[in-house]
Every structure is written in structure tokens, then in C-alpha cells.
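Keep in mind that what you see is a predicted model, and the values were worked out from it rather than measured. Just so you know, these numbers use all the heavy atoms, side chains as well, and skip hydrogens, waters and symmetry mates.
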Amino acid sequence: MKSKILVDYESYMCSVALLEDGVLREFYVEGQDMNRITGNIYKGKIVNILPGLQSAFVDIGLKKNGFLAAEDMLEDRTALARSGAVPTRLDVKEGDYVLVQAIKEASDTKGPRLSANLSIPGRYIVYMPTIDFIGVSNKITNPEVRDKLLNILVKNRPDPHCGLIARTAAKDARKSDIIEEIEYFANTYISLLDKFRSANGVSVLSTDGNLVFRTVRDILNSTVDEIVCNDTAVAARLNDYLRENLAQPVKVTLMDDADVLKKFGVLSEVEKLLHQKVELKNGGTIVIDYTEALTVIDVNTAKFTGDTDHERTVYEINCEAAREIARQIRLRNIGGMIVIDFIDMQDPLHNEDVVNILVEETQKDRTRTRVLPMTELGLVQMTRKKTGSEIQSLLLTQCEHCNGTAHIQSPAFIARKIKARLSEIFADRVSTAAVVSVNPEVFAKLSRGDWFKSFTTEKYAGKLVYLVPSSDVGPDAYRISAQSSAILSLPSSAFLVT
């Protein structure tokens, strides 16, 4: 398998894509004005303790305070002692300063999630100064390679109580490069402690770098044979980075000012990621719905008819859907709880096959996932660690009319609300007329039919109601101006309701 990394650098937005055999597998985007904080390390201040939840809110200098739970807290905050034990209570008080790392971005309703157990990722290892653990990435399956890496980590552990994890890239690295990175991060942590002690109040002690180098560090592996970049300065920095960190640097190809995303067909693929419905190659579809608590994915037969064997037809759709779902979850960076509604199958072995395909495909994902067996209702529950923001939150903005519901109110309901408001206006016996401004599309529907038939009754005798189209009014709203004068200034498009 050959892989290629694309770096599209613009003055307002930066994108990084991973292609495997020409197929888009990972895509990351970040606005130049975007303040991503995951991975950043702070000197924070405890501002509020929540005893019932064994957690605290921490001021780290942002608009929203961070959330720190007991299980993510060091046992000895003053000495910043390193311990692998998981605390069950918070040993802090309001006003204390703590060394914390952002492990989850803030959302519209919640502040960032914090941890006092630092995790510093490098090219070959992850250094955890406060957790007593030695491990190797699950992506490395060769027993001999795993043993070799474990031996290197154990022998070169800078402290008997710190933690080290060999990353996937370590399997192809020189021993000297791994040791050098371990020593570098050990010194980095000492420097962090010095900064923590000397910092005057809440402050940022370390950042995780920009999107390009953070992503290249994480997704660069032995299958990547080329990095294509469209910015001269970024390409030069990439060459320097690869030369310093790789024994055999990967080729960096400069396509100055070229639209690399369009050239390699990525732009059209990314646009599809913003759609709710995904077409499968065999004619079936999957529909992805997002909620506050979880993501729901529904599998449908759609255009696929298969042969006369219904069970076989459904089985083929579900298998193809399982592969595409794993790809979509990875591309869209969907995190948290995910529920998949596969089409019902009668054969238990078919159910197992579909789940096994899903498990196998999600194992290619660098982000930790967990897939549970299929239920009797044909549902599969899975979880994926939340890392950064989902693609739709980065490339879509909230509709100013529907407020994110993807729906607007019907003309019938708008008419009903208008009638209720007019009843209030005419109840004062002072107002004799009302001008109702609505969106042109709503006007076209309300100006015909029986929407305001009740206004012809004696209840509104002598009252004038005019409907006026206005592009300044959204399709989900209306504006009413009450009048007590018999002389009105109206546009020629005004429609007399009654």
C-alpha cells in the first residue's frame, strides 16, 4: 500500500489529507484564527469545587473554565508527584494552582476537559511523566518487535515511575532515535515544572504546535512515500523537520500555489462529508444523524435489489455499509457514543461477519474505538475517543433561520402565530390596522389560500391587515407593525388580507 500526505496551506485555512492507494482516509482542517487547545499544557487556577461530582472548574485563561475530574488529578498537587494510582477524591481547594493539560476541546455548552496526568506525544513515543506504565501501540502486532521496543523503553526509562508508550512509527525507527526522543521529553518535563513554578498566575506553558506538523507527526508512517505541499515556506520547514526526525526523509513535493485538494480529488470528497446521506457502491445508503449525546447511523437498501435471496442481499449491503461507516467515522472525526442500525438479518453468522468487518476496519483508525456485539434488534453500539472537533463543526456554520435544527417552521404555523399576535394587537381597540412583513417565499404561500379566513368574521370588522414581502425577514420569522392611522404607506406588493 502506498500513501500520500497532502498539505493545502491558505492564508485563512490549512488542510491536511491522507490518501491510501488514492483513497481519502483522513482529513483535518483548521482555520488560521482557530484556537485549538487539545494537547496544550497550562498553569491553571481552581475556581470552583464540585464535591458531589468530585471535580473542579479550572481557570486556564479562556472564556470558559476547564473541567477537571478526580480520576484525572494528581494525588500530590504541591510536589507534583508521579503516581499511577487513580485518585477518588480531589485534594485541592479554591485558589490552588495546578499543572493541567487540555484533553478535549470546549463545546457550545461545556468548557474544555482537563487532566493533571500529562501525556506528551512525540514521533516515536508518548511520554507520561505522572503515570507508571510501559507499553507498545496495539498497531504493532509482531511479538519480536514488541519485545524489542519494550526492552528499549524499560532500559531507557528516565524515572522509575514515569510512563512510556512506543508509537506505531517506532517499529521502523533506529534505537538511537527512540532514546534521543525519550531524553528530550524528560528534559522537556523538567523545563515545564520550572515554568510552572516561575509563572505569575494562570498561563500557557506549552502548545501542541500547528496543524501541519502535529498531523504529519501523527500520521507519517512507513507507507507514506510523498508529501505534497502548495506553500514554499511550509514545504521548506517540512523538509527540515523530516531531515531531523527521520533516518530516510520522505520526499516533499512543492506544487507552489496549486490547488492540491482539487488536483487529487479531495475537495469533492470533503464536500460529501458534509452530507447526511452517503451512497454505497452497491446502491445502498447510510444516513448519519448527529445529536448532543450520540451519533446515529442508519443503513438502508435504497437502490440495491440484489438477487432473489433476501438474506444474501441484506448481508451484502450490511457488509459494504460496515466498511464505509468505519471510513466515514474516521474522516468526519466522529467521537463519543455511536449507534448503528443495520438492516435485520436472520442468520447469526451473518451478524457476526458484519460486526467483525466493522471491528477490522476500525482497527485501522489511529483513534481508540470499541465495538460491541450486535443486539437482537440489529443495533451495534460503539465508542470512539473524542479528539478535536468533528469535520461538520469546522466546515459548517449554524443556519441563522433554523438555529441548527435543519428545519424551518411551516407557513401554516407561521400564519397561526401571526393570527395570535394580531389578536393581541387588536384587543386594545386603539390599533385599526397592522402591516405584517414576511419572507418573500412565505408571502407567496400566505397570500393565497385560506390562511387568514377567520379575519373576515365580525370579530375583526373594521380592522385592516396587510401582508408585505420583505427580504430582510427570515423564512422562520415575521414582523408586525401596528397602526392607528387610517393613512398607510405601503409598497405596491402589499396584499390586503382583510
Is the number of heavy atoms from other residues, nucleotides or ligands under 6.0 Å of Lys64 NZ greater than 12? yes
Charged N-O contact under 4.0 Å between Asp472 and Arg479: no
Side-chain donor or acceptor of Gln101 paired with backbone N/O of Ser119 under 3.5 Å: yes
Does a side-chain N-to-carboxylate-O contact under 4.0 Å join Lys4 and Glu226? yes
Answer yes or no: is there an ion pair linking Glu26 with Arg366, defined by an N-O contact shorter than 4.0 Å? yes
In terms of side-chain geometry, is the basic nitrogen of Arg327 or Glu269 positioned less than 4.0 Å from the acidic oxygen of its partner? yes
Between Asn230 (side chain only) and Val260 (backbone N and O only), is there a donor and an acceptor less than 3.5 Å apart? no
Greater than 12 external heavy atoms within 6.0 Å of Tyr9's OH: no
Taking Arg123 for its side chain and Leu220 for its backbone only, find out whether a donor-acceptor pair lies under 3.5 Å. yes
Answer yes or no: is there an ion pair linking Arg384 with Asp365, defined by an N-O contact shorter than 4.0 Å? yes
Count the heavy atoms of every other residue, nucleotide or ligand shown that sit under 6.0 Å from NZ of Lys139, and state whether that count exceeds 12. yes
Any salt bridge linking Arg214 with Glu30? Criterion: basic side-chain nitrogen under 4.0 Å from a carboxylate oxygen. yes
Whether the side chain of Thr291 engages the backbone of Thr295 through a donor-acceptor N/O pair (distance < 3.5 Å, no angle test) should be reported. no
Counting heavy atoms not belonging to Lys263, are there more than 12 under 6.0 Å from its NZ? no
Looking at Gln483, I want to see if its CD is surrounded by more than 12 non-hydrogen atoms of other residues, nucleotides or ligands under 6.0 Å. yes
Check whether any side-chain N or O of Asn210 sits under 3.5 Å from a backbone N or O of Phe213 as a donor-acceptor pair, and report yes or no. yes
Closest non-hydrogen atoms of Leu192 and Leu205, given as atom of the first, atom of the second and distance, are CD2-CB, 3.8 Å
I need the minimum non-hydrogen distance between Asp8 and Ala258, along with the two atoms involved. OD1-O, 4.4 Å
Whether Arg237 and Asp240 form a salt bridge (side-chain N of Lys/Arg under 4.0 Å from carboxylate O of Asp/Glu) is what I want to check. no
